[in-house]
There are 2 protein chains.
Amino acid sequence: MKLLDIGELARQSGVPPSTLRYYEDIGLIRSEGRHGLRRQYDAPVATQLALISLGKLAGFSLAEMRGMFGADGTPQLPRTELHLRADRLDAQIRDLTRLRDALRHVADCPAETHMDCPKFMRLMQFATRTAGSRRQR
Amino acid sequence: MKLLDIGELARQSGVPPSTLRYYEDIGLIRSEGRHGLRRQYDAPVATQLALISLGKLAGFSLAEMRGMFGADGTPQLPRTELHLRADRLDAQIRDLTRLRDALRHVADCPAETHMDCPKFMRLMQFATRTAGSRRQR
DNA sequence: TCTTGACCTCAAGTGAACTTGAAGTAGCAA
DNA sequence: TTGCTACTTCAAGTTCACTTGAGGTCAAGA
């Protein structure tokens, strides 16, 4: 199996070497060996880094993602857990969609005050419902 | 205009008083006066807090959100800026949707290794493209 | 009037996710 | 063999978003 030098992986993935070392320290990724002093990585680590970057976007902490990946860099979790996380993503996607709609509405609605616009208020209702009950990062 | 005591706003919004004070310190929200020592808030602050909570979910920093709101608690930004942020949200929504699809796929796909499954690899391509070029929080 | 409780200020502490700096080292090209 | 460069370790520093703690204050109810 072809191994990647840490510098090469950093260039390919856009993740700085210091961060790769940090991720390894906390057990999020693994290096396969050294060339001299330099860490060498398996190719699937690149896939894993891509998933980690998305996971961060989705609000997973690094601790949450530790242990989520198998040897091939793909998620290795029980089915139910995967579906549960997918469901949480669905909720987040819904929220973001409404925030987007609200922003676009505010941009385009000619009403002088949005608080009097029924469409805006409808978009805002869910926000008031969800605010605070949301998991924080 | 009816004013809310900080405790009441905290109960309604789910945002602790310490956080409300902190938000005021950094200029993210405004209180309208005091009842004795206690901060009093305008009702629209509740809407604003809901939007802040969603904004955090969307990856905006508190500093970015400072100054985004007008007196009525609704976003007060130039049209182009609002559309730009909506566009960024669209991109984020697309990414999260694909992450969700990838998770569901991994949960349900019977292939012994996902690296050999064309559907998974297709889902992963975008991730490799986007990783690293993404704004960090 | 006195007590209670929820607020007040200000400074310091916390946890997550990294980054930076100092001092050292290994491989490769000249 | 000598440099150069990109890595190495380890500890400490940084930023963000809060929270906590100590010591103080005010309004309302008993």
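Numbers restart at 1 for each chain; the letters A, B, ... are given by sequence-line order, proteins then strands. All of these numbers come straight from a predicted model, not from anything done at the bench. Keep in mind that the numbers below use all heavy atoms, side chains included, and drop hydrogens, waters and symmetry copies.
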Nucleotide D:dT15, atom C1' - distance to CG of B:Leu62 in whole Å: 12 Å
Between D:dC16 (P) and B:Met65 (CE): distance, integer Å: 13 Å
Residues from residues 18-29 of chain A lying under 4.0 Å of DNA chain C - heavy atoms: A:Ser18, A:Thr19, A:Tyr22, A:Tyr23
Pairing residues for A:Tyr22 by the side-chain contact (heavy atoms from CB on, under 4.5 Å) criterion, not counting sequence neighbours: A:Ile26, A:Leu62
Residues that B:Glu81 engages under salt bridge (Lys or Arg N to Asp or Glu O under 4.0 Å), provided they are two or more places apart: B:Arg85
Qualifying residues under side chain to side chain donor-acceptor pair (under 3.5 Å), relative to A:Asp25, sequence neighbours excluded: none
Nucleotide C:dA16, atom C1' - distance to CD1 of A:Ile52 in whole Å: 15 Å
Protein-nucleic acid N or O pairs under 3.5 Å, nucleotides 27-30 of chain C:
| from | atom 1 | to | atom 2 | distance (Å) |
| --- | --- | --- | --- | --- |
| C:dG27 | OP1 | A:Gly36 | N | 3.4 |

Residues that B:Ser18 engages under side-chain contact (heavy atoms from CB on, under 4.5 Å), provided they are two or more places apart: B:Pro16, B:Arg21
Contacts of B:Arg94 that satisfy side-chain contact (heavy atoms from CB on, under 4.5 Å) - sequence neighbours left out: B:Asp90, B:Ala91, B:Arg98
Taking only distance into account, with no hydrogens and no angle test, what donor-acceptor pairs under 3.5 Å do side-chain atoms of residues 30-38 of chain A form with protein atoms, sequence neighbours excluded?
| from | atom 1 | to | atom 2 | distance (Å) |
| --- | --- | --- | --- | --- |
| A:Ser31 | OG | A:Glu24 | OE1 | 3.3 |
| A:Ser31 | OG | A:Glu24 | OE2 | 2.7 |
| A:Arg34 | NH1 | A:Leu37 | O | 2.7 |

Separation of atom CZ in B:Arg39 from atom P in D:dT25, rounded to whole Å: 16 Å
Parallel, tilted or perpendicular, as decided by the 30° and 60° cut-offs, for the rings of A:His114 and A:Phe120: tilted
Separation of C:dG5 C1' from B:Asp5 CG (nearest whole Å): 12 Å
Test salt bridge (Lys or Arg N to Asp or Glu O under 4.0 Å) applied to B:Asp87 - qualifying residues, sequence neighbours left out: A:Arg104
Spacing between B:Lys56 atom NZ and D:dC18 atom C1', to the nearest angstrom: 9 Å
B:Arg11 side-chain N/O to C:dA6 phosphate OP1/OP2 under 4.0 Å: no
